[in-house]
Structures are given as structure tokens and as C-alpha cells.
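What follows is one structure encoded as C-alpha cells, with my remarks underneath.
One is the number of the first residue; the rest follow in order along the sequence.
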Amino acid sequence: MYIENKFLIVLALVTVLFVNKVNSQKNIISFYNCENFYDTTNQINVSDEDFLPGSLKGYNQKVYASKSKNLASVIYALGNIENADGVALLGVVEVENKMVLTKLLAEPLIRKHQYKYVHFDSKDLRGIDVALIYNPSKFKPYQYRPYSLTDETHFNDYATRDILYVTGKLGNEWVHILVNHWPSRRGGEKASMPKRLWAATVCKRIMDSVGKTNPTAKWIVMGDFNDNPNNKSIKSLALFNPFVVPFRKGMGTLAYNDSWNLFDQILLSKNWVADSVINYCKPIIYKNNELIETQGRYKGYPKRTYNGNQLRGGYSDHFPVALIISLKNDKNGPK
């Protein structure tokens, strides 16, 4: 608690001191659970039957095209926050494959930024993966790889999503990024908790491994953690969590039984503060009228593509989150 509060105080002071004096470029570091972003092709060894033509949902090329266009509009909106000229980094989860990512980034609304992505196919039974979308004018990747949660004693009966590790230069700063989609709360929060604690352990091991040779590494750990900021799994990472304050105010990214959760978060390592790298940092849960359901039992929730098998033509069951940051000595971007 002391470490968390210290980070909050220091970062708040940094924000207050520099909010009116920022000369460097704003960067939007963002995350979005795209909820069942499938193509319409039957993939071998993937349980994608609910999202094929002829399914009870009636998922077809028209619905898929609408879904892609809708997600692109969210990326466009995120990239225009405070005139940022596109997102710098966007972690995404629940994307089926490279095909849907390629189509998404070719959408006319965001095509001008020439976004690229890092993606690996996981062994998740539903075929939904994690990926990192990046703006090549703001971020240059150097190394990347997936980390499985499966070992001798974990996830031997079924596979789950990998953790994606990417390192590269954000502006003039070397950063290390982990994109996560931790195991769900299926079966109940308490019964499923050990699975998320294990995912947190894997995250910590990755960070500790890098830290042995680079103790000043600056981490961005983002994802749908299926846990709130006050849960043990998140706290065990010992990272600064800018989304603690919105969570304490009752804000959330998804709703269940009329109760809000803030599972989608972006966390920073203490070296961001210790090295005084950040001029300005502001967390947001992004929403607009188009992203909010306006009718039925889910009124006020994030507007989904489907409510059950009923087509609603929405976006996702999650709101996206973002950190608006500016970095010192960040005027020219990656070279």
C-alpha cells in the first residue's frame, strides 16, 4: 500500500507540475478487448463455430465487415484524444488471427497511420489471441515473443492465451511491454483465482528475467486481467497502477449483474517515476454514446455486437482504456 500510494503521489505531482508546460508529443498507450473479433472462415482445431455463416448468430461477411469498421472507429477516436495524431501503442485481445488484424488496420478511417502489429497464434481453444498494434512513427519494435502459461503443473488440460512480450523504442525511450488476457472467472471468482495468480507469476518472472541484465527497464503491462486493481493478482505485480483512482470512484470497463468491474488496465513499473521520464500521465476509460447500449436489459453497458444471439451491431462488451503520456526529450520519435 505504501509503494502504491507513493507512486500515486509522485505521479500526481509530476502531472500537476508539467500539465501546462509539456513541449513533447502526447502518446496514447491504449488497450482494448475486441470481444470475439472473428473472420468468417472455419479454422481447423479452433472452436469458432458460433462465428461462421449459418450459425445461430448469423455471423456473416456483412456482420464481420461492420465489426471491423466499428473497431476502427474506436481506434480512430483513441488516436484523436488531445490531438495525439494516432495511438502510439494499442494492446488488443480476443482477435482470431492475422487476417482480422490486417483487415482492421486497412480500414479507411485509420489507414493513414500505417499501423502495424505483432501477433502470434496461441493454442487457446476458442482461437482468440493477444496482439500489439503500434504506430511506426512513434514506436519501433526490436524483439518480441509469446510466453505460454502452460508448464508441468499448469494448464495441462486446456490451453489459454499467451502473454505477448515486445521490447522497442517509444520515442527515444526503450520500453518493455506485456500484453495479457488472463484466465476468466468462469466457475466463480474464488475458484478461478489460482489461474490468474499463476498468470501474474509468469508476468513477474518475465520482468525479473529482464531485470537481471537491465534493472532500469521501463515496463508497460497491459491487458484484460479479469481482476480488479484491488485483487491479489494485480497487486502481486508490484507495479504502479494509474487505474486505482478511477476504480475507487466506482468506474469500470465492463458490467456484470449491474455491477461495474475494471478488468482492463495499463500498469507501469517504478522506473518510469524513478527516472523522471514522464512529463504527464493521465488514465482514461474511453466511452462515447456510440459505445453504450441504449435499450434492453443491458442499457448503459458497453454495446456489444451480439446480446446472446441477437445482433446489436455494436463494438465490444468492454470499454477501452488509455494512458495519455508525454515523455521528456521525445520530439522526433523512433529512428
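Counting only N and O atoms by type, the side chains of Tyr306 and Asn36 include no donor and acceptor under 3.5 Å apart. Looking at Asn33 and Asp264, their side chains never bring a donor and an acceptor atom within 3.5 Å of each other. Arg297 and Asn307 share no side-chain donor-acceptor pair at under 3.5 Å. Using modelled atom types, one finds a donor on one side chain and an acceptor on the other under 3.5 Å when comparing Thr216 with Asn214. Checked by atom type, the side-chain pair Asn135/Ser137 shows a donor-acceptor distance below 3.5 Å.
Listed for the Asp50 side chain is no donor-acceptor partner under 3.5 Å among the backbone atoms of Ser55. At least one donor-acceptor pair closer than 3.5 Å links the side chain of Lys67 to the backbone N or O of Cys34. Remark: the backbone N or O of Ser233 is paired with a side-chain donor or acceptor of Ser236 at under 3.5 angstrom. Judged by distance alone, the side chain of Asn97 and the main-chain N or O of Met99 form a donor-acceptor pair under 3.5 Å.
The pair Lys299-Glu293 fails the salt-bridge criterion, with no side-chain N (NZ, NE, NH1 or NH2) lying under 4.0 Å from an Asp/Glu carboxylate O. The existence of a salt bridge linking Lys218 and Glu173 is confirmed by a sub-4.0 Å separation between a basic side-chain nitrogen and an acidic carboxylate oxygen.
Across all their heavy atoms, Ala322 and Phe243 have their closest contact at O-CZ, 3.6 Å.
No cation-pi contact links Lys303 to Tyr315, judged by a cut-off of 6.0 Å to the six-membered ring centre and 45° from its axis. Remark: Arg145 qualifies as a cation-pi partner of Tyr147 under the 6.0 Å distance and 45° angle criteria applied to the six-membered ring.
Counted within 6.0 Å of NZ on Lys98, heavy atoms from surrounding residues, nucleotides or ligands total more than 12; the atom is thus considered enclosed. Atom CZ of Phe120 is surrounded by more than 12 heavy atoms from other residues, nucleotides or ligands within 6.0 Å.
Note: Phe263 and Trp182 fail the aromatic proximity criterion, with ring centroids not under 6.0 Å apart.
For the ring pair (Phe, Tyr, Trp, His ring centres under 6.0 Å) condition, the pairs that include at least one residue of residues 192-219, sequence neighbours left out, are His154-Trp198, Tyr165-Trp219, His176-Trp219. Among pairs with a residue in residues 196-209, those fulfilling salt bridge (charged side-chain N to carboxylate O under 4.0 Å, His left out) read Arg196-Asp227, Lys204-Asp208, at least two apart in sequence or across chains.
Exactly one of Val63, Thr305, Asn309 qualifies for a side-chain contact (heavy atoms from CB on, under 4.5 Å) with Lys57. That residue is Asn309. Considering Asp124, Asp121, Asp129 as possible partners of Arg161, the one that fulfils the salt bridge (charged side-chain N to carboxylate O under 4.0 Å, His left out) test is Asp124.
Looking at residues two or more places apart in sequence or on another chain, you find no ring-ring contact (aromatic ring centres under 6.0 Å, His included) involving Phe31.
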